[in-house]
Amino acid sequence: MTQKVVSVIDTGYASFEEERKILEDAGYDLKIFEGHRNDLQAKIAFAKDSEGLLIRWSEIDTAFLTQFPKLKAICRYGVGYDNINLEDARQCGVKVANVSGYASHSVSDHTLMLLFAVLRDLAGSIRQLRGEYTQPGRKDSFELHEKTLGIIGLGRIGSTFCIKAQPLFKEILAYDPYISADRFAEVGARQVEKEELIKNSDVITLHCNLTDESRHIIDDNAFALMDKKPILINTARGGVVDEEALKKALREDRLFGAGIDVFRDEPPLADMDEVIDHPKVVATGHNAWYSKEAQVELQLRAAKNLVKMLQGQECEDQLV
């Protein structure tokens, strides 16, 4: 009997033993690709007999999918799935899932960290510790208790952040056309349109998936609406912010500051040095998702989601 195969084609985790146990119990042999992360042809050659794939950044479209005659299902490690053409997968009869909500606490904690690091100018305060002891990093730092928070994207991560931020702000506004009014009330946010949120918020945090609808949701027009010179925090996807518009907004002093964990190109290219090195910006390297607990949950749920799809069942996170 031919062994059924599942392949991990995008690696980077210290171990895949938990996935191996789950897949072997379901009758699958797990193979781990160890070549260069961008060598798509090598990945295809390595995994061509696979019935299932575990991926992170590989671009999935019809040209890719037609190279795998046995492929039944793909699961992406993570929440975002903008590197997967879902319609192409549907046309090819391949099921697709992500792992949603696994890092709700990690990402919301990281969002709070970026907010306070920008607000209190943590980097500036550290730099001047010896030279200007007792002096604040910035003279225009403000308190949050009389301020308004705006949240774009009120799914699992946005909702978790909203609940954590409740005691800090006078008011919380939120925009998400796919969330029920009951959920807004449940987490203590006032439902508003995007333009009202952008215009009236002192802090704006982004927690939406990257889709055609959300791409560049923060653009030149959005920055022009920002009457309160807010703090902007992006722990969602790089593409939800127009990076050229962000550079312009920083040059024109339209923001108090920004906390950025995600970029259009990852790792970011040299053209983003202007943002990364800006004194009003705190940048981290797409690690908001990480905690020991979140990584364990991510890998376990990815394997379990894939097994369910391979066995003909629908998993909680299924997209196609």
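Count residues from 1 along the sequence.
Of the possible donor and acceptor atoms, none in the side chain of Asp61 sits under 3.5 Å from a partner among the backbone N and O of Asn85. In this structure a side-chain-to-backbone donor-acceptor pair under 3.5 Å is present from Arg56 to Thr11. One N or O on the side chain of Lys247 and one on the backbone of Asp271 form a donor-acceptor pair closer than 3.5 Å. Arg301 places no side-chain N or O within donor-acceptor distance of the main-chain N or O of Val99, the cut-off being under 3.5 Å. Proximity of a side-chain donor or acceptor of His36 to a complementary backbone N or O of Asn38 within less than 3.5 Å is detected. For the pair Asp261 (side chain) and Ala288 (backbone), a donor-acceptor distance under 3.5 Å is present. Counting only distance, with no hydrogens or angles, the side chain of Asn234 and the backbone of Arg237 share a donor-acceptor pair below 3.5 Å. Under the 3.5 Å distance criterion, the side-chain polar atoms of Gln295 are left unmatched by any main-chain donor or acceptor of Trp289.
When side chains are defined from C-beta on, Leu319 does not count as touching Ile84, because their heavy atoms never get closer than 4.5 Å. Between Ser159 and Arg156 there is no side-chain heavy-atom pair separated by less than 4.5 Å. Contact of the Glu196 side chain with the Arg190 side chain is registered, since non-hydrogen atoms from C-beta on lie closer than 4.5 Å. Residues Val8 and Glu19 form no side-chain contact, since every pair of their non-hydrogen atoms from C-beta on lies 4.5 Å or further apart. Using a 4.5 Å heavy-atom cutoff, the side chains of Ile198 and Asp227 are not in contact. Contact annotation: the side chain of Ser50 never approaches that of Lys72 to less than 4.5 Å [non-hydrogen atoms, C-beta and beyond]. For the pair Ser214/Cys208, a side-chain contact is recorded, criterion being any heavy-atom separation below 4.5 Å from C-beta on. Contact of the Leu71 side chain with the Glu51 side chain is not registered, since no non-hydrogen atoms from C-beta on lie closer than 4.5 Å.
Residue pairs that meet the ring-ring contact (aromatic ring centres under 6.0 Å, His included) test with at least one member in residues 40-96, sequence neighbours left out, are Tyr13-Tyr77, Phe33-Phe46, Phe64-Phe68.
Ring-centre distance between Phe161 and His207: below the 6.0 Å cut-off.
Between the side chains of Ser201 and Thr148, not a single donor N or O lies within less than 3.5 Å of an accepting N or O. A donor and an acceptor atom, one from each side chain of Ser58 and Asp10, are located under 3.5 Å apart. A donor-acceptor contact closer than 3.5 angstrom links the side chains of Glu213 and Tyr178. Looking only at atom types and distance, the side chain of Asn98 has no donor-acceptor partner in the side chain of Asp317 under 3.5 Å away. Checked by atom type, the side-chain pair Lys164/His105 shows a donor-acceptor distance below 3.5 Å. No side-chain N or O of Gln299 forms a donor-acceptor pair with one of Glu18 less than 3.5 Å apart.
Follow the hydrophobic side-chain contacts under 4.5 Å out from Leu298 and you reach Val296 in the same cluster. In the hydrophobic clustering of ILVMFWY residues, with side-chain heavy atoms under 4.5 Å counting as a link, Leu154 and Ile233 come out together. Val187 and Val192 fall into different hydrophobic clusters, where Ile, Leu, Val, Met, Phe, Trp and Tyr residues are linked whenever their side-chain heavy atoms come under 4.5 Å apart, directly or through other members. Following chains of ILVMFWY side-chain contacts shorter than 4.5 Å, one can reach Met309 starting from Val79, so the two form part of one hydrophobic cluster. Val241 is connected to Tyr175 through a chain of hydrophobic side-chain contacts under 4.5 Å among Ile, Leu, Val, Met, Phe, Trp and Tyr, so both are in one cluster.
Remark: Leu114 CG to Asp109 CG distance equals 11.0 Å, nearest 0.5 Å. To the nearest 0.5 angstrom, Glu59 atom CD is 11.5 Å from Asp88 atom CG. Asp202 contributes atom CG, which lies 12.0 Å from atom CE of Met226 (distance to the nearest 0.5 angstrom). To the nearest 0.5 angstrom, Lys304 atom NZ is 13.5 Å from Leu306 atom CG. Atom NE2 of His286 is separated from atom CD of Glu266 by 5.5 Å, given to the nearest 0.5 angstrom. With rounding to the nearest 0.5 angstrom, the CG atom of Asp220 is 6.0 Å from the CG atom of Asp242.
Shown here for Leu269 and Asp265, the closest heavy-atom pair between the two residues is CD1-OD2, 3.5 Å. The nearest pair of heavy atoms linking Ile179 to Phe184 is O-CE1, 3.5 Å. Pairing each heavy atom of Gln313 with each of Gln318, the nearest pair is O-OE1, 3.8 Å. Scanning all heavy atoms of the two residues, the minimum distance from Ser108 to Thr160 falls at OG-CG2, 3.5 Å. Smallest separation of non-hydrogen atoms from Val5 and Asp49: CB-O, 4.2 Å. Smallest separation of non-hydrogen atoms from Ala294 and Tyr102: O-CD1, 3.4 Å.
When the shell of 6.0 Å around NZ of Lys139 is examined, it contains more than 12 heavy atoms from other residues, nucleotides or ligands. Residue-environment remark: NZ (Lys308) stays at or below the threshold of 12 foreign heavy atoms within 6.0 Å. Other residues, nucleotides and ligands place more than 12 heavy atoms under 6.0 Å from the CD atom of Glu252. In Arg251, the CZ atom is crowded: over 12 heavy atoms of neighbouring residues, nucleotides or ligands sit closer than 6.0 Å.
Geometric assessment of Lys229 against the ring of Phe256 yields a negative cation-pi assignment under the 6.0 Å and 45° thresholds. Within the cation-pi definition used here (under 6.0 Å to the ring centroid, within 45° of the axis), Lys147 qualifies as a partner of Phe142.
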Hey, mind stepping through Val96 and Leu86 against side-chain contact (heavy atoms from CB on, under 4.5 Å) and telling me if it holds?
CA-CA 8 Å; Val96 178; Leu86 297 182; 4.0 Å; yes
Side chain to side chain donor-acceptor pair (under 3.5 Å) assessment of Thr111 paired with Thr205
CA-CA 8 Å; Thr111 302; Thr205 67; over 6 Å; no
Apply side-chain contact (heavy atoms from CB on, under 4.5 Å) to the pair Ile218 and Leu206, showing each step before the final yes or no.
CA-CA 9 Å; Ile218 301 297; Leu206 302 169; 4.0 Å; yes
With side-chain contact (heavy atoms from CB on, under 4.5 Å) as the test, would you mind laying out the steps for Asp29 and Val6 before giving the verdict?
CA-CA 6 Å; Asp29 180 33; Val6 164; over 6 Å; no
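For the side-chain contact (heavy atoms from CB on, under 4.5 Å) with Lys280, the qualifying choice from Asp253, Leu255, Val275 is Asp253, the only one to do so. Of the listed residues (Leu149, Ile204, Ile172), just one forms a side-chain contact (heavy atoms from CB on, under 4.5 Å) with Leu197, and that residue is Ile204.
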In residues 115-127, what donor-acceptor pairs under 3.5 Å come from side-chain atoms, sequence neighbours left out?
from   : atom 1 : to     : atom 2 : distance (Å)
Asp121 : OD1    : Gly124 : N      : 3.2
Ser125 : OG     : Asp121 : O      : 3.1
Ser125 : OG     : Gly137 : N      : 3.4

Could you go through residues 20-27 and list every donor-acceptor pair under 3.5 Å that involves a side-chain atom there, pairing it with any protein atom two or more places apart or in another chain?
from  : atom 1 : to    : atom 2 : distance (Å)
Arg20 : NE     : Glu17 : OE2    : 3.4
Arg20 : NH1    : Leu30 : O      : 3.0

